[in-house]
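To start, the structure under review is shown below, and the notes come after it.
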Amino acid sequence: MERNKPLILVVEDDRQIQKFICYALESEGYPYITAGTGQEAISRLMSEHAEIMLLDLGLPDYDGLSIIKKVRQWSDIPILVVSARDQDREKAAALDSGADDYLTKPFSTTELLARIRVALRHLQKIGAGNTQAVLQVGGLQIDLERRLVHLDGVQIHVTPMEYSLLALLFRHMGKVLTTAFIIKEIWGPAYGTDTQALRALMAGLRRKIEKDHARPRYILTEVGVGYRLADE
Ligand code: CA
């Protein structure tokens with residue numbers, strides 16, 4: 001185990017999945033502790049300084065949402081929710097309650113480790129105060145100071161709304177954002193939950209930055225949940 005890697009709390013009651021996760025973490029040298037119930041998760045989190053939490057939404061005692069709300073009362077630890085494929089509504093609710101990201105079962109070791117790396121990067125940025133003005137993913141670049149967007153070295157024109165949407169996605173690069181969160185950030189809390197305007201805005205932005213509309217390279221759709229800016 002490498003000393004400088006963060007301690008990860010794995011909350012999962014399914015033995016097989018818990019073993020799979022722990023094995024993946026071990027292979028990358030991440031230290032970890034485990035919990036099989038919500039009660040145990042809370043007490044381990046209070047007694048041991050875990051830095052990332054992997055949380056199964058279906059636990060025998062508490063439901064995932066109430067655990068997230070409890071933890072958020074005193075901790076900013078990144079929470080990666082692990083859920084079943086048919087739990088789209090729960091996933092979105094978990095993210096809106098303060099979870100940072102999610103994994104859908106069954107997931108691969110590669111996916112798991114990628115999500116952990118994104119969570120860590122965001123953790124480090126918060127610690128260091130993220131002041132970087134120019135952000136880039138692949139050939140897509142945004143200059144947050146001058147409000148400019150470049151694609152493959154060529155400046156492209158985006159509307160102010162499209163710019164706001166793209167900037168929001170870049171500020172959370174690699175992380176999934178729920179439609180509710182995006183709508184609140186772009187149109188304000190009074191706007192409600194109508195997703196039609198967001199879909200239209202997204203379609204316009206994608207026409208400008210995606211070469212293949214059927215298979216977007218930059219802005220990925222998370223079905224039933226929201227959108228994610230690709231993270232290489
Ligand atoms: Ca479970």
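Side chains included, hydrogens not; waters and symmetry mates left out as well; all remaining heavy atoms used. Quick note: residue numbers are just sequence positions, from 1.
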>> Side chains of Lys91 and Thr178 only: does a donor on one sit below 3.5 Å from an acceptor on the other?
In response: no
> Atom OG in Ser164, atom CD1 in Ile182: separation rounded to 0.5 Å?
Replying inline: 12.0 Å
>> Quick check: do Pro78 and Met53 have side-chain heavy atoms less than 4.5 Å from each other?
In response: no
> Can you name the closest pair of heavy atoms from Ala230 and Val137 and give their distance?
Replying inline: O-CG2, 3.2 Å
>> Are there over 12 heavy-atom neighbours, none belonging to Lys208, within less than 6.0 Å of that residue's NZ?
In response: yes
>> Checking the side chain of Asp61 only, and the main-chain atoms of Gln39 only, is there a donor and an acceptor separated by less than 3.5 Å?
In response: yes
>> For a 4.5 angstrom cut-off between non-hydrogen side-chain atoms, does Val134 reach Leu144?
In response: no
> Looking at Arg228, Arg72, Arg115, which hits salt bridge (Lys or Arg N to Asp or Glu O under 4.0 Å) with Asp100?
Replying inline: Arg72
> Does Ser75 reach the main-chain N or O of Ile77 with its side chain, forming a donor-acceptor pair under 3.5 Å?
Replying inline: yes
> Are any of the side-chain heavy atoms of Gln136 and Phe170 separated by less than 4.5 Å?
Replying inline: no
> How long is the gap from NE2 on His157 to CD on Glu162, to the nearest 0.5 Å?
Replying inline: 7.5 Å
> Thr179 pairs by side-chain contact (heavy atoms from CB on, under 4.5 Å) with which of Val225, Asp96, Leu198?
Replying inline: Leu198
> Is any side-chain heavy atom of Ile142 less than 4.5 Å from a side-chain heavy atom of Tyr163?
Replying inline: yes
> Is there a chain of hydrophobic side chains (I, L, V, M, F, W, Y, each step under 4.5 Å between heavy atoms) that links Leu165 to Leu140?
Replying inline: yes
>> In this structure, would Leu80 and Leu57 fall into the same cluster of hydrophobic residues linked by side-chain contacts under 4.5 Å?
In response: no
> Would you find a donor on one side and an acceptor on the other, under 3.5 Å apart, between the side chain of Glu40 and the backbone of Gly36?
Replying inline: yes
> Can you tell me how far CG of Leu205 sits from CG of Leu169, rounded to the nearest 0.5 angstrom?
Replying inline: 7.5 Å
>> What's the separation between atom OG1 in Thr37 and atom CD in Glu12, rounded to the nearest 0.5 Å?
In response: 12.0 Å
> When rounded to the nearest 0.5 angstrom, what is the spacing between CG in Asp13 and CD in Gln18?
Replying inline: 8.5 Å
>> Measuring only between side-chain heavy atoms, which start at C-beta, is Phe20 closer than 4.5 Å to Leu25?
In response: no
> Within the side chain of Ser108, is there an N or O that forms a donor-acceptor pair under 3.5 Å with the backbone of Glu111?
Replying inline: yes
>> Ignoring hydrogens, what is the shortest heavy-atom contact between Pro6 and Leu120? Give both atom names and the distance.
In response: CG-CD2, 3.4 Å
> Using 4.0 Å as the upper bound for N to carboxylate O, is an ion pair formed by Asp56 and Lys105?
Replying inline: yes
>> Applying a strict under-4.5 Å side-chain criterion to I, L, V, M, F, W and Y, I'd like to know whether Val71 and Tyr102 cluster together.
In response: yes
> With a 4.0 Å cut-off, would you call Asp231 and Arg121 a salt bridge?
Replying inline: yes
> Quick one: does Ser47's side chain have a donor or acceptor within less than 3.5 Å of a partner on Ser43's backbone?
Replying inline: yes
>> Are Tyr23 and Tyr32, when compared by the centres of their aromatic rings, separated by less than 6.0 Å?
In response: no
> If you count the non-hydrogen atoms of other residues, nucleotides and ligands that lie under 6.0 Å from NE2 in His49, is the total more than 12?
Replying inline: no
> If only atom types and distance count, is the side chain of Ser97 paired as donor or acceptor with the main-chain N or O of Ala93 below 3.5 Å?
Replying inline: yes
> What's the shortest heavy-atom distance between Ile68 and Ala94, and which atoms?
Replying inline: CD1-CB, 3.7 Å
> Sub-3.5 Å donor-acceptor pair from the side chain of Glu210 to the main-chain atoms of Arg217, do we have one?
Replying inline: yes
>> Within the 4.5 Å heavy-atom criterion, are Phe107 and Ile21 side-chain neighbours or not?
In response: yes
>> Count I, L, V, M, F, W, Y as connected when their side-chain heavy atoms are under 4.5 Å apart, and connections chain through other members. Are Ile186 and Val158 then in the same cluster?
In response: yes
>> Could you check whether any side-chain heavy atom of Asp63 comes within less than 4.5 Å of a side-chain heavy atom of Leu59, counting everything from C-beta outward?
In response: no
> Are His172 and Tyr227 close enough that their ring centres sit under 6.0 Å apart?
Replying inline: no
> Tyr191 ring centre to Lys184 NZ or CZ under 6.0 Å, with the angle to the axis within 45°?
Replying inline: no
> Near Gln196 CD, under 6.0 Å, is it more than 12 heavy atoms from other residues, nucleotides or ligands?
Replying inline: no
>> Quick check against the 3.5 Å criterion: does Lys5 have a side-chain atom that pairs as donor or acceptor with the backbone of Glu28?
In response: yes
> Between CD1 of Ile209 and NE2 of His150, what distance do you get to the nearest 0.5 Å?
Replying inline: 14.5 Å
> Do Leu177 and Leu135 belong together in a cluster built from hydrophobic side chains that touch within less than 4.5 Å?
Replying inline: yes
> Do Arg206 and Ile219 have side-chain heavy atoms sitting under 4.5 Å apart?
Replying inline: yes
